> 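Have a look at this one before I ask anything.
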Amino acid sequence: MTPFDTETSRRYALQHFPDICQPRPENSHKGTFGTVAVIGGSKGMTGAALLAAEAALYGGCGKVMVGLEHYPPPVHHARLELMADDAVSVSAGSADVWVLGCGLAETDRAAALLAPVCRRADALVLDAGALNLLAKQALPLPDVGQTVRVLTPHPGEAARLLKSSVDAVEQNRVWAARELSSRHQAWVVLKGHESVIASAQGFLRINRSGNAGLATAGSGDVLAGLIGSLLAQGIAVEQAIAASVWLHGVAAEWLAARQTGPIGLLAGELPVAIRWLRNRLVSTAGNAA
Ligand SMILES: NC(=O)C1=CN([C@@H]2O[C@H](COP(=O)(O)OP(=O)(O)OC[C@H]3O[C@@H](n4cnc5c(N)ncnc54)[C@H](OP(=O)(O)O)[C@@H]3O)[C@@H](O)[C@H]2O)[C@@H](O)CC1
Ligand SMILES: Nc1ncnc2c1ncn2[C@@H]1O[C@H](COP(=O)(O)OP(=O)(O)O)[C@@H](O)[C@H]1O
């Protein structure tokens, strides 16, 4: 397990993700940092969409809307700052980045809900149920026109998309990520230990941060929301995606260093750690190397 070290993290972030280390302009307002809309949360899985939305908020975007297929959720366990409504209403609105699929059952109704959003969105992050609909060819993606399209499959979802097996994906993770990015003309984060990030234009990075504390329900939802958040803030696409994966992993290391993991780490604890890390990076970015 990689131990958390503030100085190593600071140097790494400054080298690879300078945009996330920039202080905010004093005259900024919530519109400066973009709006994320999350659509997901079918019956029994509302927590997934709420986790993604909460991660987007703690990740620093200006406004977060969350549309739940099962609305209202059985227990109101989310942040009051979130603008929560039913999925149909939220999907009719507008947002800078759409995070689709967290906790969404792959039904015809869900496909009908997401298809118009996919057609008109400038920036999309597809996770979980949205990826499974894509695998079933129930979710058409436009050939061109989208500024950013990110797919965040775990090995099971990647296997469905590739019509392959989890073993085959795990045996050649770089190939799987590249193949998916080329087929769908998308950025791909193939999740799991040492997530692989690939783009259709040839970008490739293997992320080394994180620990087995992340092997817990909902941590992937947090990642999807965080990617949406950094994209909405206007951070360069390559940095927004790779930095999200890295920060997500470093947050798990930071929590483990405080004996809040890896055992029993909760996905819902990651957003606060991510917020601390990002503010720490910003406040120490100018320090002499
Ligand atoms: N609080 C909530 O509301 C939560 C709701 N959630 C929502 O639940 C929905 C279903 O999502 P899901 O991922 O649980 O099921 P599914 O897509 O069938 O994947 C299982 C298959 O993938 C494989 N596999 C996965 N990871 C792997 C790895 N690293 N390495 C290797 N294999 C791996 C796995 O392999 P196995 O474990 O069998 O070895 C199995 O074959 C989804 O909408 C999600 O958002 C969750 O986010 C939790 C919190
Ligand atoms: N052993 C591990 N080491 C590092 N990262 C891990 C490990 N296990 C899981 N993760 C990360 O945790 C997240 C799990 O996502 P996912 O499988 O989609 O879970 P969920 O659907 O419950 O949200 C991914 O970002 C993955 O890379």
Side-chain angles (χ1 to χ4, degrees), residues 1-2 4 38-55 66 68-70 73-75 77-78 87 99-107 110 114 125-136 150-162 164-173 176-177 188-197 205-227 241-256 261-263 265-271 273-274:
M1 187 169 77
T2 317
F4 172 73
V38 177
I39 306 283
S42 299
K43 188 166 182 298
M45 301 189 290
T46 49
L50 291 166
L51 277 169
E54 193 166 314
V66 54
L68 301 172
E69 209 204 15
H70 183 70
V75 183
H77 43 85
V99 177
L100 306 180
C102 300
L104 192 69
E106 16 347 322
T107 59
L114 298 193
V125 180
L126 301 185
D127 190 34
L131 294 173
N132 295 332
L133 286 169
L134 189 63
K136 291 202 292 191
V150 189
L151 314 184
T152 57
H154 62 48
E157 290 152 350
R160 284 175 206 133
L161 284 163
L162 291 164
S164 177
S165 66
V166 170
D167 278 354
V169 168
E170 288 297 78
Q171 274 164 28
N172 202 339
R173 288 171 55 80
V188 169
V189 177
L190 175 59
K191 297 183 292 192
H193 178 61
E194 303 201 337
S195 294
V196 180
I197 304 161
R205 179 172 292 164
I206 298 176
N207 181 71
R208 312 272 180 205
S209 69
N211 58 43
L214 292 171
T216 184
S219 60
D221 305 310
V222 168
L223 177 67
L226 181 61
I227 294 173
I241 297 168
S244 294
V245 177
W246 177 78
L247 273 172
H248 183 253
V250 178
E253 293 169 11
W254 186 82
L255 288 165
I263 299 165
L265 189 155
L266 302 184
E269 290 169 325
L270 293 165
I274 289 163

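Ligands are counted one by one from 1 in listed order, and the atoms in each one are counted from 1 as well. Note that this is a predicted model, so its numbers are computed, not measured.
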> Heavy atoms only: which of A48, G249, A217, S219 lies closest to atom 12 (O) of ligand 2?
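Minimum heavy-atom distance to atom 12 (O) of ligand 2 goes to S219.
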
> Under 3.5 Å between some N or O of ligand 2 and some N or O of L223?
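The answer is no, given that L223 and ligand 2 share no N or O pair closer than 3.5 Å.
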
> Check whether any N or O atom of G210, backbone or side chain, sits under 3.5 Å from an N or O atom of ligand 2, and answer yes or no.
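No; every N/O pair is 3.5 Å or more apart.
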
> Is the closest side-chain heavy-atom distance between D127 and K191 below 4.5 Å?
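When only atoms from C-beta onward are counted, K191 and D127 do touch, with a gap below 4.5 Å.
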
> Go through ligand 2 atom by atom and flag the ones less than 4.0 Å from a non-hydrogen atom of K191.
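Per the distance check, 15 (O), 16 (P), 18 (O), 24 (C), 25 (O), 26 (C), 27 (O).
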
> Relative to the heavy atoms of G192, which atoms of ligand 2 are at a distance of less than 4.0 Å?
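In order of numbering, the contacting atoms are 5 (N), 26 (C), 27 (O).
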
> Does E194 approach ligand 2 within less than 4.0 angstrom via side chain, backbone, both or neither, non-hydrogen atoms only?
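It is neither part, as no heavy atom is under 4.0 Å.
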
> Can you find an N/O atom of S195 closer than 3.5 Å to an N/O atom of ligand 2?
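Min N/O separation from ligand 2 is below 3.5 Å for S195.
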
> Less than 3.5 Å between some nitrogen or oxygen of H154 and one of ligand 2, yes or no?
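No; every N/O pair is 3.5 Å or more apart.
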
> Taking the side chain from E69 and the backbone from G40, do they hold a donor-acceptor pair closer than 3.5 Å?
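Absent.
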
> Does some non-hydrogen atom of A128 fall short of 4.0 Å from ligand 2?
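A128 does not count as a contact of ligand 2 under the 4.0 Å cut-off.
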
> Nearest heavy-atom pair of S42 and A105: which atoms, and what distance?
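S42 and A105 have their closest heavy atoms at OG-N, 2.9 Å.
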
> If we only count heavy atoms from C-beta on, is the L214 to L270 side-chain gap below 4.5 Å?
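When only atoms from C-beta onward are counted, L270 and L214 do touch, with a gap below 4.5 Å.
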
> Do L223 and V245 have side-chain heavy atoms sitting under 4.5 Å apart?
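Of all side-chain heavy-atom pairs linking V245 with L223, at least one is under 4.5 Å.
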
> Without swapping roles, check the side chain of H70 against the backbone of P73 for a donor-acceptor pair under 3.5 Å.
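Side chain of H70 to backbone of P73: no pair is present.
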
> So if I count the atoms of ligand 2 from 1 in the order they appear, which ones are less than 4.0 Å from some heavy atom of A215?
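Ligand 2 atoms under the 4.0 Å threshold to A215: 8 (N), 9 (C).
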
> If the criterion is any heavy atom closer than 4.0 Å to an atom of ligand 1, which residues make the list?
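Its neighbours under 4.0 Å (heavy atoms only) are M45, G47, A48, C102, G103, L104, A128, H154, P155, G156, E157, R160, V166, E170, G192, A217, G218, D221, given by chain and number.
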
> With side chains defined as the heavy atoms from C-beta onward, is the minimum distance between P74 and T46 less than 4.5 Å?
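Answer yes - side chains close enough.
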
> Is there a donor-acceptor pair under 3.5 Å between the side chain of R160 and the backbone N or O of L133?
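No.
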
> Considering both backbone and side-chain atoms of D127, is one of its nitrogen or oxygen atoms within less than 3.5 Å of a nitrogen or oxygen in ligand 2?
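N/O-N/O distance below 3.5 Å does not exist for this pair.
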
> For atom 25 (O) of ligand 2, what's the nearest protein heavy atom and its distance?
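That would be H248 CE1, 3.3 Å.
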
> Taking R173 for the side chain and I206 for the main chain, is one N or O donor matched with an acceptor at less than 3.5 Å?
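No, because the side chain of R173 does not come within donor-acceptor range (under 3.5 Å) of the backbone of I206.
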
> Starting from atom 22 (O) of ligand 2, find the nearest protein heavy-atom neighbour and note its residue, name and distance.
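Scanning the protein heavy atoms, the shortest distance from atom 22 (O) of ligand 2 goes to G218 N, 2.8 Å.
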
> Side chains of L104 and M45: does their closest heavy-atom pair fall under 4.5 Å?
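When only atoms from C-beta onward are counted, M45 and L104 do not touch, as no gap falls below 4.5 Å.
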
> What is the minimum heavy-atom distance between S209 and G249, and which atoms define it?
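Smallest interatomic distance, heavy atoms only, reads OG-CA, 3.4 Å.
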
> Give the atoms of ligand 2, by number and element, whose distance to some non-hydrogen atom of A212 is under 4.0 Å.
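Checking each atom against A212, I get 1 (N).
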
> If only atom types and distance count, is the side chain of T216 paired as donor or acceptor with the main-chain N or O of L266 below 3.5 Å?
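The answer is no, because no donor-acceptor pair under 3.5 Å joins these two groups.
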
> Can you tell me which residue and heavy atom of the protein come closest to atom 23 (O) of ligand 2, and the distance to 0.1 Å?
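Checked against all protein heavy atoms, atom 23 (O) of ligand 2 sits closest to G220 N, 2.7 Å.
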
> Which is closest to atom 3 (N) of ligand 2 by heavy-atom distance: L214, L190, T152, N211?
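That would be N211.
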
